[in-house]
Amino acid sequence: MSSQPAFVRRTGWRTIRRLCGCMALLSLVESAALAGDTADQVDLAQLPIEQLLSLEVYSASKFVQKASEAPSAVSVITAADIRSFGWRTLADILRSMRGLYVGYDRNYSYLGARGFLRPGDYSTRFLLLVDGYRTNDSVYDQAAIGSEFILDVDLIDRVEFVPGPGSSIYGANAFFGTINVITKRGRDINGPQASVDIGSFGARKGRATYGWRDGKGAELLLSASGFQVAGQDLYFPEFDSPATSGGVAQGLDYDRGQSLFIKGSLGQFGMSLAHAERKKGVPTASFGQAFNDPRSYTVDTQTFADLTYRNGISDHTEVTGRAYWGRYDYEGDYIYDRSSSIVNRDGSRAHWWGAEAKLTSTAIRRHKLVAGVEAQHDYRRDQYNFNTSPGPILASPGTLPATVDTLLDDRRRDSRLGVYVQDEMALRSDLLLNAGLRYDHHSTTDGILNPRLGLIFKLSPSTTVKTLYGTAFRAPNAYELYYAVPGDGGQKANPDLHAERIHSRELVLEHYFTPDSRITASIFHNAVTNLITQTLDPADGLLVFRNLDRVVARGMELEFGRMWAGGAKLNANYSWQYARDESNGAELVNSPRHLAKFNLSAPVFSQLWRTGLEAQYVGRRNTLAGTVGGYWLANMTLFSARLVHGVEISASVYNAFNHRYADPGSDAHVQDAIPQDGRSFRLKLTHGF
C-alpha cells in the first residue's frame, strides 16, 4: 500500500496530541470578559418548551423566519441532539431525519429522499451548504456527507434540512432538498477544548479546539481533528475462490483523515476557512478491479475560504455579501492486474471562486422582500486517467507524471450566473404567500427559470396548513459531460446533455396538541424529467450518460414530537413513498416504500446522565438484479456532562442487536448488495479547560 499523503504525515496523530497538550496553556490567556460567556452557551435541551417549539430557521428563504411560516416542512437537528445520540458523521445525522435514508458502498455515503437514491450517485441532487457556503464541487457536484465531509461533527451547532425543490432561491442541485450545516462560534466553545474517542474496528479520533471572544463583538474558533479506522476484513461471496483469498478482502476497509477549521468575526465581517483530506481503502474491487489488492484506494481533498459582510443600512433594509474560493481534488489508484506493477490512476482537479450579494427589506408594509445575484467561475474542471508505475499519490498537482499510457486528459472551465427575487406577503393576519423566482444561466446549459409558491394558512393558533409548489434543476456535471476512457468497459462523453428538471407539489399540516407536543403530516408528488442515466451504447459497447428517464414519486410523511419539562425529548416519524420509472412502470432501484425512525433522549440517574435511544427501519429495496430485505437498527448512547466539571463522557453502541443488512450496489460493483457493519462501540471523552 502506498504511503500516506503529505497532509496526513504533516498533521497526523503527533500534531493532534501536541495541540491537545497546549490546551492547558491556552487557558491562561482567557480574559476576564469570558467569564460572562456562560450565559450565551445555551443548550437547546434546557430551553423552555415554548421556545423550543417556535425555533426559527434560515435556510428555507435566506432570512430568519418561524419554522411554521417557512415554505417547507423544515427539519432541524441541534448540537444537543448530536451529543445525545452519539452521531459520528453528517450521514448519521441526516439518516435520522424524516424522509431521508443513506446508502454506503464501503467508500462513499449517498443520500436519498422520498424514494430516490440511485446507487453510485454522489448525492448530486442535494445542495450541501456550510454556513450558507456551497460545498458541492464543480466536477462531480458531490455533496459529501460521510467521513469525507469537510467538518468534524463536533463543530456543528445545528443542521437545517429543507425538503423539496429550492432552485428558486439557491439555483442548481437544490433538487430534492437543501442541507445547511451551521457551525459553532468561538463563544460556543469558550476556551480550550480537547476530545478523544476510541471504537470498534480500530477506530480512534482526536480533536483540539479553541474558542475566544473579546466581549466587543470579535470572536474566533480554531479546530484541528484527525481520525483513523483500521476497518475489518470483509467477505464477498462473489469473489469466493482460492485465487481470490476465498472472497475475503483483507485490511482494505481502512479510513483515515484530518481536517482544519477556522471561523472568525469582527464587526460586520465574518470569515471561515476549512481544509480536509481523507484516504479510503477500497475493499469491493469496484470498477472491475482485481480483488484484494492493497494498492487500491482513493484520496479526497477539500478546501474553502469564505468571507461574508452584513450591514443594516436602515431599520428596514439589510445588505449582505459573500466572496468565496473553493477547491476539490480527487485521486484514486485502481488495480486491474494483480500480477502487474501497472496502476491505473484516475483523478480530477476542481477550482472555483464566486460571489453573492443579497438585499433583504421590510420597507413595504406586509412584505418581506429578498433579492440577490450570485456568480461562480469554475476556472479549473480537469479530469484525467492514465496507467503508470507506482508513485506517490497527489505528488504533482496540476501535472501528469511520466505515464505508460494516457487515457484521458480533459481540461475545462465553466461559469454560472443566478438572479433571484422572493416576496413573503402577509395577505391577512392568518395568511402568508411566499413567492419566489430565480433565473440561472450555466455556460453548459440554456437559461432556466424556477418558481416557488407557498400559501401558508394559520387555521388557528395551534394549526398551520401549507400548500407548496416549486420546480428545480440539476445541470449535467463535468463527469457526465466529458469523461471518456476507451477500451473494454470504457465510457464516452456526451456534451449534448440537458439539465434535469423536477416539478413538486406538497401539502403540509402542522398541529400542536399542547405547547409541548406537535404533529407534522405531509403528502407530496414529484415528477422528474430529463433524468440523466448511464447506459450502454450497443453501437460501440461503451457506457454513456443520456437524458432518458422520467420518474414520478408520491408519498406521505408523518412526524410526532413531544418534550417534557424534565428534559426528555421524543421524535418519531414514518414515511411511505412510491417511486416508479414512467417508461416501464418499474419501481426504482434502492427505493424503500417504508421508512420509520424513533428517537428518545431523556435524563437518567438523578440527572447525572442522559440516554439516547434510536431505532430506524428501512423497508425492502430493489437492487439491479434482485432485492435486499428490510431491516431494523437500534443505537444507544449514554452521555454525561455533570460527573466531573468541564468533562463530557459518552458511550455508544451501534446496531445493538447485530442485525445483518446490506445496501444495493451500483453498476460499478460485481456485488449486487454490499454488506454493512454489525454491532460496534464507541467511547468518547471531551474536556474543556
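This is a predicted model, so every value here is computed, not measured. Index from 1, following the sequence.
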Test: Arg278 cationic atom under 6.0 Å from Tyr108 six-membered ring centre, within 45° of axis: yes
Side chain to side chain, Val485 and Tyr483, heavy atoms closer than 4.5 Å: yes
Partner set under ring-ring contact (aromatic ring centres under 6.0 Å, His included) for Tyr617, not counting sequence neighbours: Trp632
cation_pi(Arg106, Phe236) dist<6.0 Å, angle<=45: no
Steps toward side-chain hydrogen bond (donor to acceptor under 3.5 Å, both in side chains) verdict (Ser223, Asp152): CA-CA 9 Å; Ser223 186; Asp152 189 316; 5.9 Å; no
Chi angles and distances behind the salt bridge (Lys or Arg N to Asp or Glu O under 4.0 Å) call for Lys280, Asp300: CA-CA 9 Å; Lys280 180 69 178 71; Asp300 298 89; over 6 Å; no
Any side-chain heavy-atom pair of Glu160 and Ser75 under 4.5 Å: no
pair Asp105-Tyr110: side-chain heavy atoms closer than 4.5 Å: yes
Closest non-hydrogen atom pair between Leu600 and Phe85, with its separation: O-CE2, 3.6 Å
Ser272 to Phe304 - nearest heavy-atom pair and separation: OG-CE1, 3.6 Å
Ring geometry between His687 and Phe689 (parallel below 30°, tilted from 30 to 60°, perpendicular above 60°): tilted
NZ or CZ of Lys279 within 45° of Tyr297 ring axis and under 6.0 Å: yes
Pair Asp154-Arg207, salt bridge (Lys or Arg N to Asp or Glu O under 4.0 Å): steps then yes or no: CA-CA 9 Å; Asp154 286 350; Arg207 174 179 59 85; 3.0 Å; yes
Stepwise salt bridge (Lys or Arg N to Asp or Glu O under 4.0 Å) check, Lys569 with Asp81: CA-CA 10 Å; Lys569 181 179 179 181; Asp81 297 323; 3.1 Å; yes
Residues Asp333, Arg345: salt bridge by 4.0 Å N-O rule: yes
Heavy-atom side-chain contact between Arg88 and Arg682 under 4.5 Å: yes
Polar side-chain atom of Ser286 near backbone of Ala668 as donor-acceptor pair, under 3.5 Å: no
Phe291 backbone acceptor or donor facing Arg338 side chain under 3.5 Å: yes
Minimal non-hydrogen separation, Phe201 against Ser680, with atom names: CE1-CB, 3.8 Å
Lys/Arg N to Asp/Glu carboxylate O, Asp663 vs Arg621, below 4.0 Å: yes
Residues that Tyr661 engages under side chain to side chain donor-acceptor pair (under 3.5 Å), provided they are two or more places apart: none
Contact summary for Lys263 and Asp131, nearest pair of heavy atoms: NZ-OD2, 3.4 Å
Sequence-distant partners of Tyr235, side chain to side chain donor-acceptor pair (under 3.5 Å), two or more places apart: Asp240
Ring geometry between Tyr140 and Tyr479 (parallel below 30°, tilted from 30 to 60°, perpendicular above 60°): tilted
Note: Asp329-Arg327 ion pair, threshold 4.0 Å (strictly below): yes
